[in-house]
Amino acid sequence: MSTQSSDTSTLTDDRTPAPARSQQVRKTKSLGDRTFDLIAASWRPAAVVVGLFIVWWVITTLGWVPAYLIPAPVDVWHTMTSSAGFLWANALVTIYETVAGFIIAAVGGIAIAMWIVYSPNAEKSLYPLLVFAQVIPKVAIAPLFVIWLGFGSAPKVLVAVLVAFFPVVVSTIAGLRSVDPDLLDLASTMGSSQWKTFRKIRFPASLPHVFSGLKVAATLAVIGAVVGEFVGANEGIGYVLLNANGNLNTPMLYAGLVILSAIGIVVFMVIEVAERVFIPWQPSRRVTATAAS
Amino acid sequence: MTSATAIRAGDSETRMVQGDAIRLDDVNFLFTTKRASVEAVRDFSLRVEPGQFVCLVGPSGCGKSTVLKSVGGLIKPTSGTVTVSGTRVVGPRTDIGYVFQKAALLDWRGVKDNILLQAEMRGMARADASRKADALIEMVGLKGFEKSLPHELSGGMQQRVSLCRALLHEPPVLLMDEPFGALDALSRERMNVELHRVWRETGTSVLLVTHSISEAVYLGERVVVMSSRPGTVIADIDVPLPRDRDYIATMGAPEFQATTARVRSLLTE
């Protein structure tokens, strides 16, 4: 680096390019721009959905497939509107089980991950158990939970927890371990306590990983709740599905599926929004921010 | 910046080293893995006087960074003693400032909050720390960027933030581990000029590790040359340049060129 610079003034000023950049990223977008972005992002999946609907509608209207196999979209819609109260009441049960299962899985999963990361003994003794709990088929042990906990919501919540907590644990461990070792060295030169380092550096640094685990967990919790309902329930969307299946009431079956997907999507979106609120600095957001500006 | 700060009465060993900001005596590093043991650093001794700027150069893998880490107490030498400001280094030192090759900033904090991390961790008085941070931000020319997040800054600006953070608690000793190694050549020159100015203004002792010979000679009052593994001191060169150094003039000075040539020949032997 023995290059000779000709002008002293250039030596003290490399700040010019960055202000422009930072302002672009921080600029808030107008409503019109945001609407445009939304349309730009969503027209492709929307087109696919519309296309599938048309295919569905054409097949059923032309009578290629009997209605007890695939009901017409209109019949499903009628079922949903005429049994709206019944469906809503059962959806609430499933939502409750899903959300309760998810929250327990999230809190418990993060706590277990912290324990494992900070204690080598915990890792040795807990990790094999966690893997065991993950690999055992939840459908197979769900009946056991019914025997233990009865027909209420408890066994369903438990299945949801069991299905959902593993991705939280794994991703939180990855997140807590992903922290830049220089930052940990830095913290020790600052005389920081373990707890302060965790609170101010390690936990915030792990959040992007934690949230990707939470997103997976949220969708799995819906599955867990329904599996729990399949095994033994007298309410909930899983129960509605089984019932409709037994009566060959395919429009009701489809209505149940639509509601389950809706629950899954809403839960997922809630986590997405939380992610944007809690980690606006996240690298993946950054790319879209610069690309869009 | 005068002599040692904490000297226990009657401790002849610590009294002996008072006056040195940093002192390493016969430091050895032996890294043992399952397959083999590697002698990384052998009988490394070095003294840095208070307020002095010393650069440590050497080939890749010669243990420069390891030596620096041992001064900060982040790693314990296999044998030998390390002393900072007159007291033995036995664990992480909090009376130092540390700058890494990566800026190591918190992605979720703005410039000023990143600098203030130092104050929060140490429990420094908030208002006082805030004033000091403002002064440092002003000094390195980051005024107006207090709220900018790290990803909105250039590499050179990030490293300035890292420097401010290392200086916030006014440490008597500043340790820098290839701080500008990740910057492009031009930003690197600018940062050299700024670091030199900051050092003249603060009067802190600096031990800087670098690969760059011209950086070492421009910045250092002394350049310590290390051999390849096992790393040890092969030369300790006084740089015959004035304390106030203009960058352009220095680059053209015959003393500068003679010194860089000497360091280069030592490193290519």
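Naming: A, B, ... by sequence-line order, numbering from 1 per chain.
Both the sub-6.0 Å distance and the 45° axial angle are satisfied by A:Arg202 relative to the ring of A:Tyr118.
Surrounding CD of B:Glu146 are more than 12 heavy atoms belonging to other residues, nucleotides or ligands, all under 6.0 Å away.
Counting heavy-atom pairs closer than 4.5 Å to chain A, the top residue among B:Arg197, B:His169, B:Glu120 is B:Glu120. Counting heavy-atom pairs closer than 4.5 Å to chain B, the top-ranked of the candidates A:Pro204, A:Ser192, A:Ser188, A:Ser193 is A:Pro204. Contact tally against chain A (heavy-atom pairs below 4.5 Å) for B:Lys69, B:Arg109, B:Lys102: the top residue is B:Lys102. Interface check for chain A: of the options B:Val217, B:Leu106, B:Ile96, B:Val99, the most heavy-atom pairs under 4.5 Å are formed by B:Leu106.
Taking the six-membered ring where the residue is Trp, A:Phe203 and A:Phe198 present tilted rings, their angle falling between 30° and 60°.
Only the side chain of A:Asp180 comes within less than 4.5 Å of a heavy atom of chain B; its backbone N, CA, C and O stay farther away. Contact annotation for B:Leu175: neither backbone nor side-chain heavy atoms come within less than 4.5 Å of a heavy atom of chain A. For B:Arg122, the parts lying under 4.5 angstrom from a heavy atom of chain A are both the backbone and the side chain.
With ring centers used as reference points, B:Tyr247 lies under 6.0 Å from B:Tyr218.
Between B:Asp128 and B:Lys132 there is a salt bridge, with a side-chain nitrogen of the basic residue lying less than 4.0 Å from a carboxylate oxygen of the acidic one.
Side-chain contact check for B:Leu149 versus B:Glu152: some heavy-atom pair is nearer than 4.5 Å.
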